[in-house]
Amino acid sequence: MTTLVASDLDRTLIYSAAALGLTGPDAEAPRLLCVEVYESRPLSYLTETAAGLLADLARGTLFVPTTTRTREQYRRIRLPVPTPGYAICANGGHLLVDGATDEEWNRSVRRRLDSECAPLAEISAYLRTTADPAWLRKERVAEDLFAYLVVDRAELPATWLKSTAAWAEERGWQVSLQGRKVYAVPRPLTKSAAMREVARRSGADTVLAAGDSLLDADLLLAADRAWRPGHGELAEVGWTAPDLTVLPEQGVAAGEEILRRFLAAARTDGEG
């Protein structure tokens, strides 16, 4: 019996310093393991306890990191496990097999986007021309698949976000605000589609999943069992689903608890 664990990374398993959510006395803070360095600076962490739990999980399940990050951004992460057999990047646009890009999967995704959605160039041009420099910090196109803006969230008008989401919806795209980023993603570009492909190839009997953002919702819905932390965009809107467990833990403590839940569920499946 194969259990597939498809987990989001940022603010689900790994955390920036700002997202750790440490609330107790400094002397009682958990020991942290840095798993990402960017421009010679430490960027992302998990607790040493979480690192041990993740190693146990990777030994007993098919662990599949599942992220909206580009392949370059994903490859900066050094999780304390061997290179996963599969990883999902660019919100499902790229499938990595033993660390290498599956080009046929990417071609199949692009064919679907070309047939069902407005071109990326049209969407990115709209974002660029309607964004106000007063709150826009950066604009990016990721893997020639989707676009995002880095914004000053406090200054971002809700009216702009609402009107942009409506405009994009008519063109087969979805717009969501996650932290300081406004994402514009084609609707068919999903983590769940890539996860189903991995499940098909591996013959997985059970799929477990976790995530915290709006772009994780389809993944959580597609899993047999799923968890979300007490923080993040899904928590902010009170999102829930029949096979979803909402955890009270927030910050890096949630990362530990999600791994404990994965392990307990995988062991139960193995005994079944």
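Tested against Glu143, the residues Arg71, Arg110, Arg69 include a single salt bridge (Lys or Arg N to Asp or Glu O under 4.0 Å) partner, Arg71.
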Problem - Step-by-step side-chain contact (heavy atoms from CB on, under 4.5 Å) determination, Leu43 to Arg76 - result: CA-CA 10 Å; Leu43 185 61; Arg76 292 199 306 252; 4.2 Å; yes
Exercise for the section: Give the intermediate values and the outcome of side-chain contact (heavy atoms from CB on, under 4.5 Å) for residues Thr159 and Lys162. Expected result: CA-CA 5 Å; Thr159 52; Lys162 183 178 180 179; 5.8 Å; no
Handout entry: side-chain contact (heavy atoms from CB on, under 4.5 Å) between Leu79 and Phe63, worked out
Key = CA-CA 12 Å; Leu79 294 174; Phe63 171 63; 4.0 Å; yes
Handout entry: Residues Ser213, Gln178; criterion side-chain hydrogen bond (donor to acceptor under 3.5 Å, both in side chains); working and verdict
Key = CA-CA 7 Å; Ser213 77; Gln178 300 182 35; 3.1 Å; yes
Problem - Asp212 vs Thr12, side-chain hydrogen bond (donor to acceptor under 3.5 Å, both in side chains): CA-CA, chis, key distance, verdict - result: CA-CA 6 Å; Asp212 71 293; Thr12 298; 3.2 Å; yes
Practice task
List the steps and the verdict of side-chain contact (heavy atoms from CB on, under 4.5 Å) for Leu208 and Trp227.
Solution key: CA-CA 8 Å; Leu208 310 177; Trp227 293 264; 4.0 Å; yes
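Listed here is the closest heavy atom pair of Val175 and Ala165: CB-CA, 3.9 Å. Across all non-hydrogen atoms, the minimal contact from Leu13 to Leu46 is O-CB, 3.7 Å. What you find for Val81 and Ala55 is that their closest heavy atoms are CG1-CA, 3.9 Å. Closest approach of Tyr148 and Ala142 over heavy atoms only: CE2-CB, 4.2 Å. Heavy atoms only, all atoms of each residue included: Val109 and Gly92 are closest at CG2-O, 4.0 Å. Residues Leu127 and Ala147 approach most closely at CD1-CB, 4.0 Å, considering heavy atoms.
Counting only distance, with no hydrogens or angles, the side chain of Asn106 and the backbone of Gly93 share a donor-acceptor pair below 3.5 Å. Panel note: side chain His231, backbone Gly251; a donor-acceptor pair is recorded below 3.5 Å. A side-chain donor-acceptor contact under 3.5 Å links Ser163 to the backbone of Trp160. The backbone N or O of Arg112 lies less than 3.5 Å from a partner atom in the side chain of Ser115, making a donor-acceptor pair.
Criterion: ILVMFWY side-chain heavy atoms under 4.5 Å apart, direct or through other members. Under it, Leu189 and Val64 are part of a common hydrophobic cluster. Criterion: ILVMFWY side-chain heavy atoms under 4.5 Å apart, direct or through other members. Under it, Leu214 and Leu156 are not part of a common hydrophobic cluster. Residues Val237 and Val246 fall within the same hydrophobic cluster, defined by Ile, Leu, Val, Met, Phe, Trp and Tyr side chains chained together at heavy-atom separations under 4.5 Å. Taken together through direct or relayed side-chain contacts under 4.5 Å among Ile, Leu, Val, Met, Phe, Trp and Tyr, Leu96 and Leu9 form part of one hydrophobic cluster. Hydrophobic clustering of Ile, Leu, Val, Met, Phe, Trp and Tyr side chains at less than 4.5 Å, counting indirect connections, unites Met195 with Leu113.
With values rounded to the nearest 0.5 angstrom, Leu221 atom CG is found 8.5 Å from Leu244 atom CG. Between Leu215 atom CG and Ser192 atom OG the span is 11.0 Å, to the nearest 0.5 Å. Once rounded to the nearest 0.5 Å, the distance linking CD of Gln73 with SG of Cys89 reads 9.5 Å. Interatomic distance, Leu219 CG to Ile88 CD1, rounded to the nearest 0.5 Å: 7.0 Å. Here the straight-line distance linking atom CD1 of Ile258 with atom CZ of Phe262 works out to 6.5 Å at 0.5 Å rounding. Put simply, CG on Leu259 and CG on Leu53 are 5.5 Å apart, with the number rounded to the nearest 0.5 Å.
No side-chain heavy atom of Arg140 sits less than 4.5 Å from a side-chain heavy atom of Val150. Side-chain contact between Leu62 and Tyr86 is present, with at least one heavy-atom pair separated by less than 4.5 Å. Residues Thr47 and Leu33 form no side-chain contact, since every pair of their non-hydrogen atoms from C-beta on lies 4.5 Å or further apart. Counting heavy atoms from C-beta outward, Cys117 and Pro188 have side chains that approach closer than 4.5 Å. Ser176 places none of its side-chain heavy atoms less than 4.5 Å from the side chain of Val185. Annotation: side chain of Leu4 is in contact with side chain of Ser202 (closest heavy-atom distance under 4.5 Å). Side chains of Glu256 and Val252 form no contact here, defined as non-hydrogen atoms less than 4.5 Å apart. Between Asn91 and Leu145 there is no side-chain heavy-atom pair separated by less than 4.5 Å.
Residue pairs meeting the salt bridge (charged side-chain N to carboxylate O under 4.0 Å, His left out) criterion with at least one partner in residues 214-238, sequence neighbours excluded, are Arg153-Glu236, Lys191-Asp216. Residue pairs meeting the salt bridge (charged side-chain N to carboxylate O under 4.0 Å, His left out) criterion with at least one member in residues 94-104, sequence neighbours excluded, are Asp102-Arg201, Glu104-Arg107, Glu104-Arg111. Applying the side chain to side chain donor-acceptor pair (under 3.5 Å) test to every pair with at least one member in residues 14-30, sequence neighbours left out, gives no pairs at all.
A salt bridge is defined here as a Lys NZ or Arg NE, NH1 or NH2 lying under 4.0 Å from an Asp or Glu carboxylate O, and Arg261 with Glu257 meets this definition. For the pair Glu116 and Arg187, the salt-bridge criterion is not met [side-chain N within less than 4.0 Å of a carboxylate O]. Contact check on Glu155 versus Arg137 returns no salt bridge, with no Lys/Arg side-chain nitrogen under 4.0 Å from an Asp/Glu carboxylate oxygen. Using a cutoff of 4.0 Å between basic side-chain nitrogens and carboxylate oxygens, Glu122 and Arg171 are scored as salt-bridged.
Within 6.0 Å of atom CZ in Arg260, more than 12 heavy atoms from other residues, nucleotides or ligands are found, so the atom counts as buried in its surroundings.
Ring-centre distance between Trp173 and Phe146: not below the 6.0 Å cut-off.
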